[in-house]
Colleague: 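My structure is below; once you've seen it, I'll send some questions.
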Amino acid sequence: MLTSTLTPRPVQGAEPARPGTVPRRRTRVLALPEARWAVAATAFFLLALPLQLTGTPAWTWGPLYALSYATGGWEPGWEGLKALKDRTLDVDLLMVVAALGAAAIGQVMDGALLIVIFATSGALEALATARTADSVRGLLDLAPATATRLSPDGGEQVVPVEELTVGDIVLVRPGERVGADGRVLDGASEVDQATITGEPLPVPKEPGDEVFAGTLNGTGALRVRVERDASDSVIARIVRMVQEASETKAPTQLFIEKVEQRYSLGMVAATLAVFLVPLAFGERLTDALLRAMTFMIVASPCAVVLATMPPLLSAIANAGRHGVLVKSAVVMERLGQVDAVALDKTGTLTEGSPRVTDVRPLPESGLDEGELLTLAAAAERPSEHPLARAVVEAARERGLDLPDAEDFTSAPGVGVTAVVDGHAVAVGAPARLTDDALERVAELEESGRTAVLVVVDGAPAGLLGIADRLRPDAAATVAALATLTGTAPALLTGDNPRAAAHLAAEAGIDDVRAGLLPQDKLAAVQEMESAGRKVLVVGDGVNDAPALAAAHTGVAMGRAGSDLALETADAVIVRDELAAVPATIALSRRARGLVVQNLVIAGVFIAGLVVWDLAGDLPLPLGVAGHEGSTVLVGLNGLRLLRETAWQKAAAEGSA
C-alpha cells in the first residue's frame with residue numbers, strides 16, 4: 001500500500017541541476033526494496049510458467065513458484081502479521097492468505113500470479129511515493145555542504161554549514177551558493193534567489209541586504225553575517241514543514257481508515273459465508289474455496305484506502321515546489337472548502353515597505369522638488385525609521401547627492417532634526433501650517449498618503465507624501481478569490497479608514513473594516529465564521545496571528561511575516577506572491593476532485609468484481625488483475641498532481 005509519509009530514502013543517480021533551479025532528484029527504481037522483491041518474484045514466475053505449460057515434472061517448476069511466493073509475499077505478509085499482533089487486520093495479509101489458499105487447492109500458478117501482481121503494484125506505489133518525496137527533498141541540494149567562515153584576524157576556514165552559528169561572518173565568492181541566511185556586511189553582487197522568492201532576475205545585493213541559504217551568488221564577493229542557524233534557514237523550514245505535512249492525515253483519510261477495519265472484518269466473515277454456504281449445498285470443496293479466495297481478493301478495499309492521500313500529498317509537494325508550504329494534509333483538504341476570504345492590508349495586499357509618492361515644495365520656500373528631497377533625505381539618512389528609509393531611497397532613485405548631516409537628533413513620534421549645508425532641517429509630522437499647506441496635507445491624506453512636513457530654518461518648506469504601494473497582482477488576486485469563493489474578500493486592517501478605503505478601491509474590495517486592533521480582527525473573523533462561512537485569513541504580522549488561528553484556514557505571507565504569524569498559519573507563501581493564494585485553493589479543489597474520482601473508481605471496480613464472482617464465474621487471474629489494476633490506477637491518478645502542468649492549470653484557474 002502507498003504510505004502516507006515522505007520517508008527519506010538514499011537517492012542515487014540524481015540529475016544535475018541548472019544554476020538557480022531546484023535540483024531534480026529521481027530515485028532509481030531498483031534502489032527501492034519493494035521493486036527489487038517484485039523483480040525477483042516476477043523473474044521466478046516467468047521461469048516457472050513455461051516449464052509448467054510445457055508439461056515438465058513438478059519438481060522443476062514447483063521450487064521456482066515457491067521462490068516467487070517467498071520473494072513477493074514475505075514483506076506484506078510480515079507487515080500483516082505485525083498488524084495482526086496489534087489487533088488490526090491488514091488487507092496485505094489477506095492478499096497473501098488468498099494466494100496461499102489458491103496454492104492449497106492446486107491453483108499454484110494463479111496464486112503466484114496474485115503475488116507477482118500484488119508485489120508489482122506495491123513497487124509502483126513505493127516508486128510513486130519516492131518520486132513525491134524526491135520533489136521536496138531536492139530542495140536540500142540547494143544548500144551547500146560547506147561555507148568559508150572568516151575569523152576575527154581575517155583567516156579563512158572551510159566548515160560544514162551545520163557548524164555556523166548566529167553572528168559568524170562567511171565569505172561568499174563569485175559563483176558560490178550562500179551557506180546561511182544572513183545580511184550582507186561588505187561587498188556588492190547580484191544573487192539569483194528564484195528558488196526562494198520566485199524573482200526571475202538576479203537581485204542586486206549590497207551592505208544591509210538580506211540573503212538566503214541556497215541562493216546563487218553572481219560575479220561579486222560578499223561578506224555575510226549569519227542571522228539564522230542552518231536548521232532554521234528558509235530552505236530547511238521548507239523541507240521540514242512539507243515533510244511534517246506528509247505525516248498528517250486528512251479527515252477523509254481518517255474516516256476511510258476507521259471504516260477499513262470494520263470493512264475488513266466484515267469481508268472475512270463474508271468470505272467464510274461465500275465458502276461455507278455453497279459447500280453446505282453440495283458444491284465441491286475446491287470450487288467453493290476458489291470462489292471464496294477470489295471474493296476475498298476482489299472485495300479487499302486496497303483501492304479505497306489509497307484513494308485519499310496520493311492526491312493530497314501530490315498537491316502538497318507541488319505547492320511546496322512553487323513556494324507554498326501547506327503544513328498538513330488536513331490543511332490541503334480544508335483549503336478547497338473556503339467560501340470567504342479576509343485579507344490584511346500592510347504586507348499582504350501591499351508590498352509592506354513605504355515609498356515616497358509625492359514631493360511638494362511650498363511656493364514660499366523657493367525650493368524645487370530635487371532640493372526639497374535632498375534636504376529631507378540628508379536629514380533622515382541617520383534614522384532607522386521606515387519612513388526615513390523611504391525618503392532616503394527616493395533620493396537615491398533620483399540620483400541625488402546627499403550632503404552629510406550634523407547635530408542629528410530624533411524624537412519618537414515627532415520626527416528628526418539635523419543641520420544640512422548650514423540649514424536647520426526638521427522632518428516630521430505636520431504642525432502649525434498655513435491654510436494653504438493644511439489643504440495640501442488634507443489632499444495627501446485623503447488619497448491614502450501619509451503626509452510628512454519638511455521645515456527649513458524654522459519655516460515650512462514642503463510636504464512629502466508616503467504610501468505603501470499595492471502589490472502588482474493584488475487586484476487580480478482579489479478578483480480571482482471572489483470568483484473561486486463566490487464572495488468578494490473583506491479587508492481587515494489597523495490602518496486609518498481613509499487610507500484603507502483608498503487602497504481597497506484600488507484592489508477592488510468593497511467590504512472594508514479599518515482601525516482594527518488584533519482582538520477586533522479576531523472578532524470580525526469569528527463573526528463571519530458564526531454566519532456559517534469557512535473563512536480564509538491571509539496576513540503577515542503579529543496582529544494577524546489571533547485571526548489566523550481562529551479562521552477555518554490561515555495563510556501567512558512568508559517573506560516579511562512575523563515568526564508568530566508563520567507559526568500560527570496553516571500555510572505559508574514563502575515566495576511572497578499573493579497570486580499563489582488562489583492558485584493553492586484551486587489546486588486543493590483539484591485534489592479533492594481526484595479523491596472523489598478515486599473513490600468512484602474503487603467502488604465501481606469492487607462492486608463489479610464482487611457481483612461477477614457471486615453471480616457468475618470470475619476466474620481468479622482476472623479477479624487479481626482487476627483488483628490490483630484498480631489499486632494502481634487509483635494511485636497513479638492521484639499522482640497526476642505532481643506534474644508541473646497541474647500547478648499551471650491551478651494558477652490559470654486561480655487567475656480566471
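Every value quoted in this text rests on a predicted model; they were computed, and no experiment measured them.
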Colleague: With a 4.5 Å cut-off on side-chain heavy atoms, are Trp647 and Leu587 touching?
Modeller: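 Heavy-atom side-chain distance check passes, below 4.5 Å.
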
Colleague: Considering all heavy atoms of both residues, which atom of Pro489 and which atom of Ile509 are nearest to each other, and what is their separation?
Modeller: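 What the structure gives for the nearest pair is O-CG2, 3.4 Å.
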
Colleague: Might you point out which heavy atoms bring Ala376 and Leu464 nearest each other, and give the distance in Å?
Modeller: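 So the minimum-distance heavy-atom pair works out to CB-CD1, 4.0 Å.
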
Colleague: Indicate yes or no: at least one non-hydrogen side-chain atom of Arg223 is less than 4.5 angstrom from one of Val184.
Modeller: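 No - every pair of side-chain heavy atoms lies 4.5 Å or more apart.
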
Colleague: Starting at OG1 of Thr485, measure out to CD1 of Ile585 and round the result to the nearest 0.5 Å.
Modeller: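 Between Thr485 OG1 and Ile585 CD1, I get 7.5 Å after rounding to 0.5 Å.
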
Colleague: Do Ile466 and Arg355 come within less than 4.5 Å of each other through their side chains, counting heavy atoms only?
Modeller: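 With C-beta onward as the side chain, the pair stays apart.
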
Colleague: With a 4.5 Å heavy-atom cut-off, do Val574 and Val324 have their side chains touching?
Modeller: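 No. Closest side-chain heavy atoms not under 4.5 Å.
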
Colleague: If you round to the nearest 0.5 Å, how far is CG of Asp181 from CG of Asp229?
Modeller: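 Here the rounded value is 10.5 Å.
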
Colleague: With the side chain counted from C-beta on, respond yes when Leu373 and Val391 share a heavy-atom pair under 4.5 Å apart, and no when they do not.
Modeller: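 Yes; the side chains approach each other to less than 4.5 Å.
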
Colleague: Can any side-chain N or O of Asp186 pair as donor or acceptor with the backbone N or O of Leu222 at less than 3.5 Å?
Modeller: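 No, the answer is negative, given that no donor and acceptor are paired below the 3.5 Å cut-off.
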
Colleague: For the side chain of Thr215 and the backbone of Val211, is there at least one donor-acceptor N/O pair under 3.5 Å apart?
Modeller: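 Here the side-chain-to-backbone pair does not exist.
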
Colleague: Quick check: closest heavy atoms across Ala591 and Pro311, and the distance to 0.1 Å?
Modeller: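 Heavy atoms of Ala591 and Pro311 come nearest at O-CB, 3.7 Å.
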
Colleague: Over all heavy atoms of both residues, which pair between Gly175 and Leu216 is shortest? Give the atoms and the distance, please.
Modeller: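 Closest approach of Gly175 to Leu216: O-CD1, 3.5 Å.
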
Colleague: Does the side chain to side chain donor-acceptor pair (under 3.5 Å) test come out yes or no for Thr553 and Asp570, once each step is laid out?
Modeller: CA-CA 6 Å; Thr553 311; Asp570 300 304; 4.9 Å; no

Colleague: Above 12 or not: heavy atoms from other molecules or residues under 6.0 Å from CZ of Arg183?
Modeller: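 Check passes, neighbour count above 12.
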
Colleague: Check this for me: Arg225, atom CZ, are more than 12 non-hydrogen atoms of other residues, nucleotides or ligands nearer than 6.0 Å?
Modeller: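 At most 12 heavy atoms, drawn from other residues, nucleotides or ligands, come within 6.0 Å of this atom.
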
Colleague: Could you walk me through whether Val224 and Ile169 pass the side-chain contact (heavy atoms from CB on, under 4.5 Å) check?
Modeller: CA-CA 6 Å; Val224 176; Ile169 309 299; over 6 Å; no

Colleague: So does Thr165 get a backbone contact from the side chain of Asp168, meaning a donor-acceptor N/O pair under 3.5 Å?
Modeller: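 Checked: pair present.
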
Colleague: Quick one: which of Leu548, Val537, Asp344 gives a side chain to side chain contact (heavy atoms under 4.5 Å, CB included) with Lys521?
Modeller: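 Of the listed residues Leu548, Val537, Asp344, the side chain to side chain contact (heavy atoms under 4.5 Å, CB included) partner of Lys521 is Asp344.
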
Colleague: Measure from the side-chain N and O atoms of Glu371 to the backbone N and O of Asp368, and report whether any donor-acceptor pair falls under 3.5 Å.
Modeller: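 The answer is yes, because a donor-acceptor pair under 3.5 Å joins these two groups.
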
Colleague: Do you know which two heavy atoms are closest between Gly179 and Leu164, and how far apart they sit?
Modeller: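 In terms of heavy atoms, the two residues are closest at O-CD1, 4.4 Å.
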
Colleague: Within this structure, what is the OG1-CG distance for the pair Thr374 and Asp401, rounded to the nearest 0.5 Å?
Modeller: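 Between Thr374 OG1 and Asp401 CG, I get 8.0 Å after rounding to 0.5 Å.
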
Colleague: Can you measure from CE (Met557) to CG (Leu349) and round to the nearest 0.5 angstrom?
Modeller: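 Between atom CE of Met557 and atom CG of Leu349 there are 9.0 Å.
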
Colleague: Is there a donor-acceptor contact under 3.5 Å linking the side chains of Glu644 and His322?
Modeller: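 Side-chain D/A pair, Glu644 to His322: present.
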
Colleague: Find out whether Thr417 and Phe408 are in side-chain contact, i.e. whether some heavy atom of one side chain is under 4.5 Å from a heavy atom of the other.
Modeller: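 Contact flag for Thr417/Phe408 side chains = no.
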
Colleague: Begin with the C-alpha distance, continue with both residues' side-chain angles, and end with the deciding distance and a verdict on side-chain contact (heavy atoms from CB on, under 4.5 Å) for Arg590 and Leu641.
Modeller: CA-CA 8 Å; Arg590 290 175 63 82; Leu641 292 185; 4.1 Å; yes

Colleague: Enter the distance from Glu206:CD to Ser189:OG here, rounded to the nearest 0.5 Å.
Modeller: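 Rounded to the nearest 0.5 Å, the CD-OG separation comes to 11.5 Å.
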
Colleague: Just by distance, do the side chain of Thr146 and the backbone of Val159 share a donor-acceptor pair under 3.5 Å?
Modeller: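 Side chain of Thr146 to backbone of Val159, a donor-acceptor pair under 3.5 Å: no, none is there.
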
Colleague: Could you tell me the separation between the CZ atom of Arg592 and the CG atom of Leu335, rounded to the nearest 0.5 Å?
Modeller: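 Here the rounded value is 10.0 Å.
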
Colleague: Please determine if Arg398 and Glu369 form a salt bridge, counting it only when a charged side-chain N lies under 4.0 Å from a carboxylate O.
Modeller: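 Salt bridge present between Arg398 and Glu369.
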
Colleague: Do the side chains of Arg589 and Glu333 get close enough for a salt bridge, i.e. N-O under 4.0 angstrom?
Modeller: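 No, Arg589 and Glu333 are not salt-bridged.
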
Colleague: Donor-acceptor check, side chain of Ser588 to backbone of Thr584, threshold 3.5 angstrom: yes or no?
Modeller: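 Answer holds: no.
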
Colleague: With distance as the sole test, does Asn217 use its side chain to make a donor-acceptor pair with the main-chain N or O of Arg173 at under 3.5 Å?
Modeller: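 Indeed, once roles are kept as given, a pair shorter than 3.5 Å links the two residues.
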
Colleague: Checking side-chain contact (heavy atoms from CB on, under 4.5 Å) for the pair Thr148/Val170: CA distance, chi angles, key distance, verdict?
Modeller: CA-CA 5 Å; Thr148 302; Val170 296; 5.9 Å; no

Colleague: Taking C-beta and beyond as the side chain, do Glu156 and Leu150 meet within less than 4.5 Å on heavy atoms?
Modeller: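 They are in contact (side-chain heavy atoms under 4.5 Å apart), so the answer is yes.
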
Colleague: Could you report the tightest heavy-atom contact between Ala378 and Pro382, atom names first, then the distance?
Modeller: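 Looking at all heavy atoms of both residues, the shortest contact is O-CD, 3.8 Å.
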
Colleague: Thr350 and side chain to side chain contact (heavy atoms under 4.5 Å, CB included): which single residue from Lys345, Glu506, Arg471 fits?
Modeller: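 Only one of Lys345, Glu506, Arg471 forms a side chain to side chain contact (heavy atoms under 4.5 Å, CB included) with Thr350, namely Lys345.
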
Colleague: Any side-chain heavy-atom pair from Val581 and Ile573 closer than 4.5 angstrom?
Modeller: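 Yes - at least one pair of side-chain heavy atoms lies under 4.5 Å apart.
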
